[in-house]
Amino acid sequence: MKVDFHTHFIPQQFPDMGEKYGDEGWPTLLHAGPCQADIYHAGKHYRRIDDRSWDPERRIKDMDAEGVDVQVLSPIPVTFAYRFSAQGVLELAQLQNDAIAKATSVAPTRFIGLGTVPLQDPDLAAAEVRRAVTSLSLAGVEIGTQVEGKNLDDPALEPFWRTCVEVGAAVFVHPAAVFAPERTSKYRMVYSVGYTSETGIAAASVVMSGLLDRHPTLRLCFAHGGGTFPWLLPRLDQTWRAFDDVKAVTANRPSETAKLLSYDTLTYDPMNMRLLIDRLGAERLIMGSDYPFPLREVPPGAVIDALDGLSHKERADLLGRNALRFLGREVLF
C-alpha cells in the first residue's frame, strides 16, 4: 500500500477574514476561473493553484494514475495565520477542518484528514484539536514550526500538547511560508533554505527541551525529512555531553530522542534518504510528496524506489505502513 502523507488541501470557498475582522494581510483565495485560483498572503501573491487543491475526485484520478492508495489531506501552511486574532483564526481553522472532514468522507478509504488550530492561543488550540479528533474523526492536526517567534518548546503550549496526547492526535510539523520582497531567484533561495532551517530548529527545540520526556507518547512528524535536523544531531549530542544544564532538562542524548519522532521522506535524494535511515531508522520515516505543488516528488515515493538494499518489509513500511501506524489508522486498511 502506498500512502502519501504530505499533501495539501484548501476549501474551494475560502472566507475573506479581513473583511470581517478588519485586519489586512489575511490569507485569501481569489478564483481565476472554474478550475484555478490565486492565494494571497500579507497583501502579496503567494501561489496559483488549481482544482487539485480542493476537488477530491480530481485528486483520486491523480492518485490512481500514480499508484497512490491513500492521501493525507492537510491545510496549506500559509493559512495557519498565527499573527492574527486568535478568535478569527479559530473560526478559520474550524471552517478548514470541517471542509477536510467533508472531503475525506467522499472516499474514506482513500483520504485521511489532518486539521489546523489557532496555536497562538494554546487553550483554543487544545479545544479545537479535541473537536477535530473526537467530533470530525480527523487523525490529528498540522502546525507550524514556531508561533510568532516562539519555539514549540514554549511552556505556554503545554495545554495543547497535553490534549494531543489525551485524544491521540498525530501532529504534522510543517514550516509556514517564507517571504521575500519580490518573487525572484533570491526569493526561491530564501524559500527553500528557510523551510529546511525552520524545520531543523523546530525539531531541535523539541528534542532538547524535554518535551518528549514529559509526553513520551506524543506523535510528531516533521516535514521535509526534518530539514537540517538530521545533520545537526552530532553537534546537538556534543552540546548535551558538554553542558550539565542541558542534561538536567533531558535525560537522553538528542540522537536517541530523535528516534522517537517521525519524518517525511521529501528529500528528493537517495543519499539524503540513506542518512535518514542510518541515523533515525527506517521505521521513523513516512513517504510524502507535497502534492499538488510544483516542488512535489513525482511520482510519490520515487526516492524510496531509487534506494538499493532495502528489504521488502522496509520498503513497504516506508511507502505506507509507517504512515498508517503514525496516524493510528493501520487497523482501517
Side-chain angles (χ1 to χ4, degrees), residues 1-8 52 59-74 104 107-114 139-140 142 170-174 195-196 199-200 203 219-231 233 255-333:
M1 173 172 284
K2 185 177 285 190
V3 179
D4 191 347
F5 176 80
H6 186 160
T7 84
H8 295 294
R52 292 175 296 172
R59 296 174 81 103
I60 289 172
K61 289 180 181 177
D62 286 352
M63 292 162 66
D64 290 343
E66 296 180 350
V68 173
D69 299 290
V70 179
Q71 276 190 351
V72 181
L73 312 183
S74 57
T104 61
T109 63
R110 305 301 301 273
F111 297 124
I112 298 171
L114 295 174
E142 178 192 42
V171 181
F172 182 32
V173 182
H174 192 301
Y195 259 45
T196 55
T199 307
R219 286 178 285 148
L220 292 168
C221 179
F222 287 82
H224 306 289
T228 57
F229 179 63
W231 287 262
L233 278 172
S255 58
E256 291 302 311
T257 305
K259 295 174 184 177
L260 301 177
L261 302 171
S262 295
Y263 313 83
D264 78 20
T265 62
L266 192 57
T267 64
Y268 311 105
D269 179 71
M271 288 182 65
N272 286 3
M273 275 294 300
R274 178 52 62 186
L275 177 64
L276 293 181
I277 291 171
D278 292 344
R279 188 157 282 174
L280 301 167
E283 68 278 6
R284 310 311 304 183
L285 305 178
I286 297 173
M287 191 270 282
S289 76
D290 213 1
Y291 176 98
F293 295 146
L295 284 176
R296 78 183 186 104
E297 180 182 72
V298 184
V303 72
I304 297 169
D305 293 336
L307 281 174
D308 294 326
L310 291 178
S311 69
H312 177 76
K313 180 182 183 302
E314 286 175 325
R315 199 174 299 276
D317 285 347
L318 289 165
L319 288 173
R321 289 200 293 244
N322 288 345
L324 296 178
R325 279 193 288 267
F326 175 76
L327 294 163
R329 293 291 198 265
E330 66 268 33
V331 298
L332 301 180
F333 293 91

Can you tell me how far CZ of Phe326 sits from OG of Ser262, rounded to the nearest 0.5 angstrom?
5.0 Å
Considering only heavy atoms from C-beta outward, does the side chain of Arg274 approach that of Leu310 to under 4.5 Å?
yes
How far apart are the closest heavy atoms of Leu280 and Pro230, and which atoms are they?
CD1-CG, 4.2 Å
Look up atom CZ in Arg296 and atom CD in Glu66, then write down how far apart they are to the nearest 0.5 Å.
4.5 Å
Would you name the heavy atoms of Ile286 and Ala323 that are closest together and state the gap between them?
CG2-CB, 3.5 Å
Distance only, no hydrogens: is a donor on one side chain within 3.5 Å (strictly under) of an acceptor on the other, for Asp4 and Tyr291?
no
Using modelled atom types only, decide if a donor and an acceptor are shared between the side chain of Thr7 and the backbone of Val72 within a distance under 3.5 Å.
yes
Nearest heavy-atom pair of Ala107 and Ile60: which atoms, and what distance?
CB-CD1, 3.8 Å
Side-chain donor/acceptor of Arg284 to backbone N/O of Ala258, under 3.5 Å:
no
So Phe5 and Leu327, do their side chains get closer than 4.5 Å, heavy atoms only?
yes
Find out whether Asp264 and Asp290 are in side-chain contact, i.e. whether some heavy atom of one side chain is under 4.5 Å from a heavy atom of the other.
no
So do the side chains of His8 and Glu142 get within less than 4.5 Å of each other, counting heavy atoms only?
yes
Nearest 0.5 Å please: distance from the CG atom of Leu73 over to the CZ atom of Phe111.
5.5 Å
Would you mind reporting whether Arg110 and Arg59 have side-chain heavy atoms less than 4.5 Å apart?
no
Of all the heavy-atom pairs spanning Arg315 and Ile304, show the shortest one and how long it is.
NH1-O, 2.8 Å
Residue pair Tyr263 / Gly225: nearest heavy atoms and the distance that separates them:
CB-C, 4.1 Å
Atom CG in Leu285, atom CD in Glu314: separation rounded to 0.5 Å?
10.0 Å
Check: Arg321 side chain, Ala316 main-chain N or O, donor-acceptor pair, under 3.5 Å
no
CE/Met273 to CG/Asp278 distance, rounded to the nearest 0.5 angstrom?
10.5 Å
Given side chains that start at C-beta, do those of Leu307 and Ile277 come closer than 4.5 Å, heavy atoms only?
yes
Could you tell me whether the side chain of Val3 reaches within less than 4.5 Å of the side chain of Ile112, counting heavy atoms only?
no
Geometric class of the His6/His174 ring pair [parallel <30°, tilted 30-60°, perpendicular >60°]:
perpendicular
What is the distance from atom CG of Leu319 to atom CG of Asp305, rounded to the nearest 0.5 Å?
6.0 Å
Report the C-alpha separation of Val70 and Arg329 in whole Å, then their side-chain angles, then the decisive distance to 0.1 Å, and conclude whether the side-chain contact (heavy atoms from CB on, under 4.5 Å) test is met.
CA-CA 11 Å; Val70 179; Arg329 293 291 198 265; over 6 Å; no
Within the distance-only criterion (no hydrogens, no angle test), does the side chain of Glu297 pair as donor or acceptor with the backbone N or O of Ala302 below 3.5 angstrom?
yes
Any donor-acceptor pair under 3.5 Å from Lys2 side chain to Pro300 backbone:
yes
For residues Leu318 and Met287, determine if any side-chain heavy atom of one lies less than 4.5 Å from a side-chain heavy atom of the other.
no
Closest approach of Phe229 to Ala203 (non-hydrogen atoms, all atoms of both residues)
CG-CB, 3.5 Å
